[in-house]
Protein chains: 2
Amino acid sequence: MAILDRLRDLLGPGHVLTGDDAAGFGREWTGHYRWTPLAVLRPGSTEEVAGVLRLANAEGVPVVPLGGNTGLNGGTMAEGALMLSLARLNRIRELNAPARTIVAEAGVVLEALHEVAAVEGLSFPLTFGAKGSATVGGFLSTNAGGSNVLRYGSARALCLGLEVVLADGRVMNLMSALHKDNTGYDLRDLMIGAEGTLGVITAAVLRLVPAPRAYATALLGMESLGAALDLLNALQAGTGAAVEAFEFMPAAFMERLGALKPDLACPFAPQPVNILIETATTMAGEDPQARLEALLAEAFEAGQISEAVLAGSEAQRRKLWAMREAAAEITFTEPDLVDTDVALPLDRLETFLSRMHARLLAIDPGARELSVAHLGDGNIHYAAYPSDPALKPVIRAAVAEEAVALGGSFSAEHGVGVSKRATMAAHKDPVALEVMRAIKAALDPKNILNPGKVLP
Amino acid sequence: MAILDRLRDLLGPGHVLTGDDAAGFGREWTGHYRWTPLAVLRPGSTEEVAGVLRLANAEGVPVVPLGGNTGLNGGTMAEGALMLSLARLNRIRELNAPARTIVAEAGVVLEALHEVAAVEGLSFPLTFGAKGSATVGGFLSTNAGGSNVLRYGSARALCLGLEVVLADGRVMNLMSALHKDNTGYDLRDLMIGAEGTLGVITAAVLRLVPAPRAYATALLGMESLGAALDLLNALQAGTGAAVEAFEFMPAAFMERLGALKPDLACPFAPQPVNILIETATTMAGEDPQARLEALLAEAFEAGQISEAVLAGSEAQRRKLWAMREAAAEITFTEPDLVDTDVALPLDRLETFLSRMHARLLAIDPGARELSVAHLGDGNIHYAAYPSDPALKPVIRAAVAEEAVALGGSFSAEHGVGVSKRATMAAHKDPVALEVMRAIKAALDPKNILNPGKVLP
């Protein structure tokens, strides 16, 4: 094809992969989505990304940006499309320690950001399981979350500036390192979370924070999610908003964990609500463990907590986290599951879970369920295992319906991709959908950027 | 006019003000901008706002939304336009204390939010001088800042959800109370800060935080802004990010303050860099004053601080704040000034001020200058008093140029309105301007919403 020849001229023949060379790029890492790209492109600079898009836009050939391939919703499906890997844009352009900012290109891996910041005694606090593969461009395009969102916010809250290549190859420079910048529309946040459908992020200015000096980590058993929310509010006030994680594992989760991984069994009889708490401090002279113990003692006396184990060493802390981090593994042991990613207002999680339990059994009396939640963010990964795989779409629809009915969202942190387009059509405000379509048409009139994603 | 009759039918004749009844609406509060509106409309509900916009859009009549009239850039100029006052949409729809959220309509005054939250032991932390008049719709439409942004962020960071009426009267429901919600493009943040040119905000879901139990407040004298940034970073780590304010008053500010208001004179010989610091805590048993004293003692020993006064009582605290809050009064004593609102990367404020000093004297050897800064945000309100008022545009352009050359912004928190359109044309990334125009055309094709604002 003529366009591939022109792309080889632009990028060098070694950076336009086709046939067998591109075969490894034809699937999402879970294997749930598979496709055959027209070619995989590996530009080495923002200018080369712009050149690719100018060509693709002129020819009307679709382009699918690719980060670390750690998505879950088919967001990089690229049947017959050009896959645009940002892997070679992997420079840290600047680290400004006094100003607490770092400028990184789209292909920089999240874990590399962690390492570079740590050298300066600083932290880039976004973190999640896929940190060894996920990249700046990917975590911004999906507004990724994870287990520290409670304290530091999602990817959006950690981004000050962006460099973006638009569908027709124009380069938009929003590379502000400022904490206040009211100069027109917030195009940065429009691009963040747009899943590559409005532009290709090539670089970003990110915020850094001082690295914690010490952590306190505990596993608690409680009776109810209402009591857990009261405890969260007490801990936020009592630690000066130093709660880094507040993760919910229900009894069923603990039982399954103990059965599949006995060395990670719950250290007490699993309670209806089991919470992994972590607080951290940057303050000299502050003992976060003593403070957490004192706050938990109050909750114990008030009857809010029935069980508690504090990590007394880094090894014990790692073990408590290993319980939570086993979630993906124990959830995906059986292939026929409905895995979801919903968010609820903080005071409605209990209602959601009890309604969903009844609803699931009404649909399928033989079904089982398993949940784990970033409780402090109201974000539940609810999974159901139907007795008949044919019921999966019905259950998936029911989860979205119950979440939305309680003022929740059917997509908290994983994004829409292709898997939730139908749910978008069913549940997103129709006027908001019209506005999204109008913006998409204005910025990408030929619909070449990651077509078929996000918008139903 | 036929449209006024139809508006009277829609809103009731008492809520369509014309002639003398509308005369009080024809100026910005400073008096710098004056106009004659076609009429002032006072709808009482979101549905009535939608009705107004349907009519105005059909007839092609411009509509200018109005909050508390506390802007500074002509953002509500409405010559021949319908002014849409949101004052009657003033209900608190819901306060959910456990979930730390409040749902307020656009006309609710900022200070009323403070009062309602305080009853629950909570705080809505956005605050600035105009809090007794500024409204939810206004502070969101301008993404307002103020003196607590360092800890809690600008208005945008405190907003979870929005209800917006679009140019043609469609009501867009983005009223999420969620901390994570990745369902398509971030239309909420697009509307925030758009200064009423993309839609009319009618209600919002806002975040609340626990109210501080105790404050520590100090005034420091230092040699340089570089030392001040080091101190800020040390205080952020040393207090667990509990620094609420870090405000810079240079020697010239202190001297002018002492001359005009002797009771607020600096308690020590003004130093090149004078900083008002405030920290706060929600933690029981934490003494923020003792902690601040200990941290300042370290800085004193390291030679970073030359003078320090700690507030020992609430009265002393109020007096230190009164010094900072006198800024507007002492800045505007002379009418012929150039007042600005720039932001710089945190490590470049010193360079900006020294370059600007030289530049100003090169333009006008008889000019004086006066600055005050939200230093923790990199936000300087730099003012110059030229010897010849005709030099004002040249000085204004120089300020923007020097800020932008250092990676700064010509509008940190006040917005663009009409006064900074020319600066937008000169300094905003041209591709970003093209994208903004494309979005404006897509959402408001007849250009009826606050026309002539923001976009050059």
Side-chain angles (χ1 to χ4, degrees), chain A residues 96 98-99 143 145 149 154 170-174 176-187 189-190 192-194 210 229 233 236-240 242 281-284 343 345-347 377-379 407-413 415-416 424 428-429 431-432 435-436 438-439 442-443 454, chain B residues 96 98-99 143 145 149 154 170-174 176-187 189-190 192-194 210 229 233 236-240 242 281-284 343 345-347 377-379 407-413 415-416 424 428-429 431-432 435-436 438-439 442-443 454:
Chain A
N96 185 333
N143 187 30
V149 170
S154 296
R170 284 175 294 167
V171 179
M172 181 163 69
N173 181 351
L174 307 172
S176 162
L178 304 171
H179 296 274
K180 288 180 174 174
D181 189 9
N182 280 348
T183 50
Y185 305 155
D186 183 7
L187 303 180
D189 288 320
L190 185 65
I192 294 173
L229 179 56
N233 286 331
Q236 290 289 34
T239 62
T281 190
T282 58
M283 294 194 265
L346 294 179
D347 57 333
D377 310 315
N379 178 192
S409 167
F410 51 87
S411 175
E413 60 176 7
V416 176
M424 284 282 277
K428 189 75 186 176
D429 179 66
V431 176
V435 170
M436 289 181 204
I439 290 171
L443 300 194
V454 183
Chain B
N96 185 333
N143 187 30
V149 170
S154 297
R170 282 175 296 167
V171 178
M172 181 163 69
N173 181 351
L174 307 172
S176 162
L178 305 171
H179 296 274
K180 287 181 175 175
D181 189 8
N182 280 348
T183 51
Y185 305 156
D186 183 6
L187 303 179
D189 289 319
L190 186 65
I192 294 173
L229 179 56
N233 286 331
Q236 290 287 33
T239 64
T281 190
T282 59
M283 293 194 265
L346 294 180
D347 57 333
D377 310 315
N379 178 192
S409 167
F410 52 86
S411 175
E413 61 177 6
V416 175
M424 283 283 276
K428 190 76 186 176
D429 179 66
V431 175
V435 170
M436 289 182 203
I439 291 172
L443 300 194
V454 182

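Sequence lines set the chain letters: A, B, ... in the order given, protein chains first and strands last, and positions in each chain run from 1. Given the structure is predicted, the values throughout are model-derived calculations rather than measurements.
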Where does [X] contact chain A at under 4.5 Å (heavy atoms): side chain, backbone, both or neither?
{"X": "B/Thr183", "answer": "both"}
{"X": "B/Ala194", "answer": "both"}
{"X": "B/Met436", "answer": "both"}

Report the C-alpha separation of A/Asn173 and B/Asp429 in whole Å, then their side-chain angles, then the decisive distance to 0.1 Å, and conclude whether the side chain to side chain donor-acceptor pair (under 3.5 Å) test is met. CA-CA 6 Å; A/Asn173 181 351; B/Asp429 179 66; 5.0 Å; no
Chain B: which of [options] shares the most heavy-atom pairs with it under 4.5 Å?
{"options": "A/Thr239, A/Val454, A/Leu174, A/Asp181", "result": "A/Asp181"}
{"options": "A/Ala177, A/Gly240, A/Gly407", "result": "A/Gly240"}
{"options": "A/Gly193, A/Gly378, A/Ala432", "result": "A/Ala432"}
{"options": "A/Asn143, A/Leu229, A/Val149, A/Thr281", "result": "A/Asn143"}
{"options": "A/Pro210, A/Ser411, A/Gly408, A/Ala99", "result": "A/Ser411"}

Let's test your reading of the structure: which of [options] forms the most heavy-atom pairs below 4.5 Å with chain A?
{"options": "B/Leu178, B/Leu187, B/Leu443, B/Ile192", "result": "B/Leu178"}
{"options": "B/Ile439, B/Val416, B/Asn233", "result": "B/Asn233"}
{"options": "B/Ala237, B/Ser176, B/Gly415, B/Gly184", "result": "B/Ala237"}
{"options": "B/Ser154, B/Ala412, B/Gly145, B/Ala442", "result": "B/Ala412"}

Within the structure provided, determine whether [X] and [Y] are in side-chain contact (heavy-atom separation under 4.5 Å).
{"X": "B/Val171", "Y": "A/Val431", "value": "no"}
{"X": "B/Pro98", "Y": "A/Leu346", "value": "no"}
{"X": "A/Asn379", "Y": "B/His179", "value": "no"}
{"X": "B/Pro345", "Y": "A/Asn96", "value": "no"}

Heavy-atom contact with chain B under 4.5 Å, split by part of A/Ala284: backbone
A/Glu413 versus chain B, the contacting section by heavy-atom distance below 4.5 Å: both
Determine whether a donor-acceptor pair (N or O, by modelled atom type, separation under 3.5 Å) exists between the side chain of A/Asp189 and the backbone of B/Leu190. no
Kindly say whether B/Ala343 contributes a backbone atom to a donor-acceptor pair with the side chain of B/Ser409 at under 3.5 angstrom? no
Supply the atom-to-atom distance B/Asn182 CG to A/Phe410 CZ, rounded to the nearest 0.5 angstrom. 10.5 Å
